[in-house]
Structures are given as structure tokens and as C-alpha cells.
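Reviewing the structure listed below.
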There are 2 protein chains.
Amino acid sequence: MSESTEEPGPSEPSLDEQIAAYQREFRDLDPQVEQVVSALGRLNRRMNVAYGRQVAALGISNAEWEVLKTLVLSGSPYRLGPGELAKRLGLTPAAMTHRIDRMAGEGLVTRDRDENNRVRVIVELTDEGRTKWLEAMRMASDFEEDLLQDLSGDERGVLGELLVRLLRRVEHAQPDAGGRLTDLD
Amino acid sequence: MSESTEEPGPSEPSLDEQIAAYQREFRDLDPQVEQVVSALGRLNRRMNVAYGRQVAALGISNAEWEVLKTLVLSGSPYRLGPGELAKRLGLTPAAMTHRIDRMAGEGLVTRDRDENNRVRVIVELTDEGRTKWLEAMRMASDFEEDLLQDLSGDERGVLGELLVRLLRRVEHAQPDAGGRLTDLD
DNA sequence: CCTTCTAAGTTTAGTGCTAAAGTCTTCGAG
DNA sequence: CTCGAAGACTTTAGCACTAAACTTAGAAGG
């Protein structure tokens with residue numbers, strides 16, 4: 001994934017300054033909507049930087065961690081084809097080929113032809129890969145717990161529920177030619 | 001930015017399935033925390049894909065749009081140095097040099113030496129760049145309004161406030177060697 | 001069988017990024 | 001002055017990604 005290790009600079013405007021600046025330049029802006037959207041964007045950027053630092057301490061990249069997570073999520077015996085992995089990670093098959101090359105070289109996964117259908121390739125997590133995943137997962141869940149530390153149990157529930165509702169809206173709707181969201185169902 | 005245009009595949013597990021799978025593999029996992037974090041991550045991915053499609057319709061990339069936004073946010077006369085832009089966008093100066101090359105070639109910005117200090121370079125938004133920004137901004141704010149359409153005014157306020165609290169936690173704290181968050185102030 | 005089609009991966013060419021080395025102005029100390 | 005050091009980009013080398021062309025195994029039809 002190779003994200004820049006640098007934080008956004010100290011001269012970056014605060015969230016409130018940013019919203020105020022947008023309102024000066026663009027009248028038709030709902031500050032409440034902008035607050036939600038801008039906070040979401042910034043939060044995610046910071047979190048990705050933080051995850052990147054953590055897994056780097058284990059000697060793997062954020063990109064490799066994504067692959068480990070996907071394989072573990074698929075459940076035992078932790079096998080998926082390159083095409084399926086690519087789809088789930090939002091990559092092209094070509095990128096997947098190279099990523100698997102590297103990870104196989106590092107011993108995190110194996111790559112073998114399917115005996116029953118020799119066009120297919122099977123990528124399988126090694127024990128070492130599974131161990132790396134577990135170590136990364138421990139660090140990540142500590143980090144996430146700390147991140148939410150200031151929120152009460154109720155607040156966490158409310159936040160989760162609201163986010164899930166937004167997610168449903170994006171997952172079940174796609175912008176049409178004009179860019180508006182329209183239901184697909 | 002050149003993000004993959006593909007959505008994560010249809011075979012990707014649902015959020016609930018994903019959380020259940022993690023719990024099977026990793027006992028020490030707070031499902032409430034995981035729901036918040038996973039929803040945040042997915043939401044952001046989908047939103048970036050959507051933004052990318054929208055600005056592509058205007059003939060610019062997500063990366064170029066980020067630069068336009070940063071210049072507009074700096075306020076009239078919409079000028080910043082490459083180094084400052086790089087810091088705010090979380091890029092290396094080298095990447096900024098190339099991005100400015102492209103955008104200057106497309107007429108979105110100009111690049112000139114500062115007369116008072118000939119080491120410095122000034123990147124300034126052109127009228128065409130400002131127009132592109134405005135067009136993109138209109139599409140983005142329509143999209144964002146649609147995204148939040150299912151939430152009441154109160155719910156939007158609560159969501160914004162909770163996200164801002166999380167953001168404060170990441171912005172004012174950085175993971176130490178072990179990866180825990182510790183206050184910097 | 002033998003041809004054609006399709007699906008799954010891989011390879012190639014080109015883009016955009018990072019890290020590190022290089023260039024050119026300006027500033028400060030002798 | 002002038003030499004050295006610092007600051008602000010730019011350049012170079014190398015990596016990871018996308019798009020598109022290519023390869024090969026299995027499926028479908030005559």
C-alpha cells in the first residue's frame with residue numbers, strides 16, 4: 001500500500017476552519033453534512049497511517065496485512081484464488097499476481113495449481129502467515145479499543161448503528177450518470 | 001489517485017458475516033468496536049470510489065481534485081508552495097512536483113518562481129481550475145446530501161459530534177513504540 | 001476428435017508514488 | 001566578501017498499481 005508515513009502537516013486547517021472556509025467559497029453547503037463527511041475522511045486517513053506504522057513493526061506492509069485478513073476471513077483452510085482475492089481487495093488481477101509473488105517469497109502464503117482444474121491457482125495461508133495475522137490483529141484491536149476509549153458503551157452502539165445505516169445506503173445504491181444515488185433493488 | 005474503479009466484489013462477506021468470522025478466529029474481539037471500525041473502513045472505500053467516478057466525469061482525477069480543494073481552502077488568492085501542498089496532502093515533495101507538472105499542463109494551476117525569494121515556487125489556481133473545483137463541489141455536495149438522506153437532523157448532529165471526538169483522539173495522540181495511543185499535550 | 005469460445009492468470013507498457021541524491025538560492029559566520 | 005550550511009524544490013531509481021494484450025486449460029459444438 002505504501003502510504004506516506006508523514007502526517008498531514010501542522011499547517012493543515014482544523015476541521016472547523018475547513019468547514020468555515022468551504023462556506024465562504026461555496027454558499028450551498030450544509031455545515032452539518034460537511035462536518036460528517038470531512039470528519040469521516042480525516043479519521044480514515046489518520047487511522048490508515050496508524051495501522052501502517054503498527055504492521056510495519058511486524059515487517060509487513062499494510063497491503064500484505066489486507067491479504068492476510070482476507071484469507072483469514074474466508075475461514076479454514078484459508079484458501080482463495082487470485083481472482084477472488086483481487087475482487088475482495090478492489091485490485092486488478094495483475095496487481096494480485098505481483099502481490100502474491102512477494103508474499104509467497106516471504107513465506108506468508110503458498111501458491112499452487114488446483115489439481116482438479118489446472119487453470120485455477122490456489123493461494124493458501126501458511127502457518128507463518130497466520131501467526132503474522134494474529135500479531136497484527138492483537139495490535140490493531142488494542143489500537144481500536146484506545147481509539148474508542150472516550151466513548152461510552154451506548155455511544156459506541158449509536159455510532160455503529162448510524163455508520164451501518166450510511167453503509168447500507170452506499171452499498172445498495174450507486175450514483176447514476178448525474179452522480180445521484182439511486183436505489184438498485 | 002487512480003483508484004481501482006471496481007467495487008469490492010459481490011462475494012465479499014457482509015459486515016455482520018465479517019464480524020462473526022473475526023470472532024471465530026480471534027476471541028478477544030469486542031464486536032461493538034469492530035462494528036464501528038469496519039463500517040468506517042468500508043464506508044470510506046465506497047465513498048472514494050464514488051467521488052472518483054464523479055470527478056472523472058469532469059475529466060479530472062481524484063488526486064487532482066484534492067489539490068484543487070486544498071488551494072481553494074487556502075483562500076484567495078489561492079496560492080501555496082509545493083512543499084506546503086505536499087504536507088497538507090500527505091505526499092512527498094517529489095510526488096507534488098510531478099502532480100503540479102500535470103495540472104499546469106492541463107491549465108488547472110500555474111507554477112511560478114517567487115520574485116522575492118527565488119528558491120520558492122508559487123502554485124496558483126487558474127480560473128479554469130477554480131471552475132473545475134466548483135463543478136466538482138456541486139456534484140460532491142449533492143452526493144453527500146444523498147448519502148445522509150436517511151438520517152434526521154438530530155442523527156446527523158450526533159454522528160458528526162461522535163466522529164469529531166474520535167478525530168480529536170487520533171489527532172492529539174500518536175501510537176508509541178508498542179502501538180498504544182498516548183496523549184501528546 | 002478438432003475447432004472455437006471462455007475463464008483464470010500472467011505479462012507488458014505506462015503512470016504515479018517513495019526514498020534518496022542532486023541543484024540552486026539564500027543566510028550567517030568568519 | 002566568501003565560504004559553509006540550510007532550505008526548497010527537482011531529479012533519479014525503483015516499486016506497486018492499472019489497462020490491455022497474451023497464454024493456456026477446460027467447455028461446447030459440429
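Here the structure is a predicted model, which means the values were calculated and not measured. Just so it is clear: chains get the letters A, B, ... in the order the sequence lines come, proteins before strands, and each one is counted from 1.
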Answer yes if B/Val121 and B/Leu85 sit in the same cluster of Ile, Leu, Val, Met, Phe, Trp and Tyr residues linked by side chain heavy atoms under 4.5 Å apart, and no otherwise.
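Looking at the clustering, B/Leu85 is in a separate group from B/Val121.
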
Is there a side-chain polar atom (N or O) of [X] under 4.0 Å from OP1 or OP2 of [N]?
| X | N | result |
| --- | --- | --- |
| B/Arg118 | C/dT25 | no |
| B/Arg120 | D/dG7 | no |
| A/Arg102 | D/dC17 | yes |

Rounded to the Å, how far apart are [X] [atom1] and [N] [atom2]?
| X | N | atom1 | atom2 | value |
| --- | --- | --- | --- | --- |
| A/Glu64 | D/dC15 | CD | C1' | 13 Å |
| B/Glu66 | C/dC17 | CD | P | 11 Å |
| A/Leu80 | C/dG9 | CG | P | 11 Å |
| B/Leu91 | C/dT15 | CG | P | 19 Å |
| B/Leu85 | D/dA8 | CG | P | 14 Å |
| B/Asp101 | D/dT10 | CG | P | 7 Å |
| B/Met96 | C/dT18 | CE | P | 11 Å |
| B/Glu115 | C/dT26 | CD | C1' | 15 Å |

Let's see if you can work this out: which of [options] has an atom nearest to the side-chain heavy atoms of [X]?
| X | options | value |
| --- | --- | --- |
| A/Arg99 | D/dT10, C/dC17, D/dC17 | D/dC17 |
| B/Ala63 | C/dC17, D/dC17, D/dA20 | C/dC17 |
| B/Ala95 | C/dT18, D/dA19, D/dG26 | C/dT18 |
| B/Thr92 | D/dA25, C/dA19, C/dT26 | C/dA19 |

Keeping A/Arg156 on the side-chain end and B/Val33 on the backbone end, is there a donor-acceptor pair under 3.5 Å?
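No, the answer is negative, given that no donor and acceptor are paired below the 3.5 Å cut-off.
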
Between the side chain of B/Arg113 and the main-chain N/O of B/Val119, is any donor-acceptor distance below 3.5 Å?
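Judged by distance alone, yes, a pair lies under 3.5 Å.
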
How would you label the contact of A/Pro93 with the nucleic acid (heavy atoms, under 4.0 Å): base, sugar-phosphate, or nothing?
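Answer is base: heavy atoms of A/Pro93 come under 4.0 Å of a base.
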
With sugar-phosphate meaning primed atoms plus P, OP1 and OP2, does A/Arg113 contact a base, only sugar-phosphate, or nothing at under 4.0 Å between heavy atoms?
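No contact.
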
Give the ring-plane orientation class for A/Tyr22 versus B/Trp133, where under 30° counts as parallel, over 60° as perpendicular and anything between as tilted.
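Ring orientation, 0 to 90° scale: parallel.
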
Which residue, A/Val119 or B/Ile122, contacts DNA chain D at a nucleotide closer to its 5' end, judged by nearest heavy atom?
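Residue closer to the 5' terminus by nearest nucleotide: B/Ile122.
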
Using the closest heavy atom to pick a nucleotide of DNA chain D for each, name whichever of A/Asn116 or A/His98 lands nearer the 5' end.
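Its nearest nucleotide lies further toward 5', so the answer is A/His98.
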
Does atom CZ of A/Arg118 have more than 12 heavy-atom neighbours from other groups under 6.0 Å away?
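Atom CZ in A/Arg118 is not crowded, with 12 or fewer foreign heavy atoms closer than 6.0 Å.
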
